[in-house]
Amino acid sequence: MQRLPEQFFEHQTLELAEKLLGKIFVRRISDTVELKGRIVETEAYCGEFDEACHAWRGKTARNSMMFNKPGMLYVYFTYGNHYMLNIVSEPENIPGAVLIRAMEPVEGEAFMQKQRGTMVATALLSGPGKLTKAFAINGDCNGKDLFSSEFFLENAPEIPQNAIATGSRIGITKSRELQWRKYILNNPHVSKARGS
DNA sequence: AGCGTGATCTTT
DNA sequence: AAGATCACGCTG
């Protein structure tokens, strides 16, 4: 299976959010445990005109990874409980990232079930805080990249336009009007909107 | 529909 | 130094 090269990530953030749909996120935990998930939901966060983006007011200690090279991981901690996984986009020194909001389990389900404390397949990776817990991703992963033996993306067929849905990003209060959430239509592993 | 949880950012 | 916010998940 082909690994996606650095050039794959060199697209505008919103475009990358679409192109990531359907691709396989891989984490090698050990020689014997490999975890794989198919990306089914993403959100774009980009630059200084997007008030929901952590970097809209400029570089800080937390968001500095968003200014790094495309294909790196930006992982941050929020709500006192949860790590969020983002893939950095945009050229160096320009802030941008794609939040991975949901995946479909492909390999390593036993490990994911143990991490999450549930056997329900659609509950393993169907939210940004859930999937980091399932993949044992924490702050130590911030700044790693997708071109190593530990983390990489596998190529997979492009999702046709008529199977991609667009909407407002979930859980934010600012810039609600931007339709920067992308997800695969009718996929049961997409996260539920908050409050429903 | 309400709450836990703690880092980060803004305001004093 | 204090207060508000937060790209959430769980219980009920």
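FYI, side chains are in, hydrogens and waters are out, and symmetry mates aren't considered; it's all heavy atoms of this structure. Below, chain A is the first sequence line, B the second, and so on; all start at residue 1. Only a predicted model underlies this, so the values are computations on that prediction, with no experimental measurement involved.
A heavy atom lying under 4.0 Å from DNA chain C marks the following residues of residues 49-74 of chain A, by number: A:Ala52, A:His54, A:Met66. Within residues 75-83 of chain A, the residues approached by DNA chain C to less than 4.0 Å at the level of any non-hydrogen atom are A:Tyr76, A:Thr78, A:Tyr79, A:His82, in residue-number order. Proximity of residues 114-128 of chain A to DNA chain B (heavy atom under 4.0 angstrom from any strand atom) is not detected for any residue.
For the pair A:Lys144 and A:Phe151, the cation-pi test (distance below 6.0 Å, angle within 45°) is failed.
Cluster note: A:Phe152 groups with A:Ile24, A:Val26, A:Val106 through ILVMFWY side-chain heavy atoms spaced under 4.5 Å, whether in direct contact or through intervening members.
Formation of a donor-acceptor pair under 3.5 Å by the A:Asn142 side chain with backbone atoms of A:Val75 is found in this model.
Not counting sequence neighbours, the partners of A:Asp50 by the salt bridge (Lys or Arg N to Asp or Glu O under 4.0 Å) test are A:Arg169.
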DNA chain B in dot-bracket form (Watson-Crick or G-U pairs under 3.5 Å, [ ] crossing, | inter-strand) is ||||.||||||.
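Put simply, A:Arg101 has a side-chain N or O that comes within less than 4.0 Å of OP1 or OP2 on C:dC8.
Going from atom OH of A:Tyr45 over to atom C1' of C:dC6 covers 11 Å, rounded to whole Å. The distance between atom CG of A:Asn86 and atom C1' of C:dC6, rounded to the nearest whole Å, is 14 Å. One atom, CG of A:Asn138, and another, P of B:dA7, lie 14 Å apart when rounded to the nearest Å. Rounded to an integer number of Å, the gap from CD of A:Gln179 to P of C:dA7 is 18 Å.
For A:Glu43 and A:Lys182, the salt-bridge test fails: no basic side-chain N is under 4.0 Å from an acidic carboxylate O.
In terms of hydrophobic clustering, with Ile, Leu, Val, Met, Phe, Trp and Tyr side chains grouped at heavy-atom distances under 4.5 Å, A:Val33 and A:Phe135 are assigned to a common cluster. Hydrophobic cluster membership differs between A:Ile170 and A:Ile100, with clusters built from Ile, Leu, Val, Met, Phe, Trp and Tyr side chains linked at under 4.5 angstrom.
Side-chain polar atoms of A:Gln179 and A:Ser168 form a donor-acceptor pair below 3.5 angstrom.
For the pair A:Lys130 and A:Thr173, nearest-nucleotide mapping onto DNA chain C gives the more 5' position to A:Thr173.
Within the nucleic acid shown, A:Lys174 comes within 4.0 Å of sugar-phosphate atoms alone, with no base atom in reach, counting heavy atoms only.
Nucleotides C:dT5 and B:dC3, compared at atom C1', are 16 Å apart to the nearest Å.
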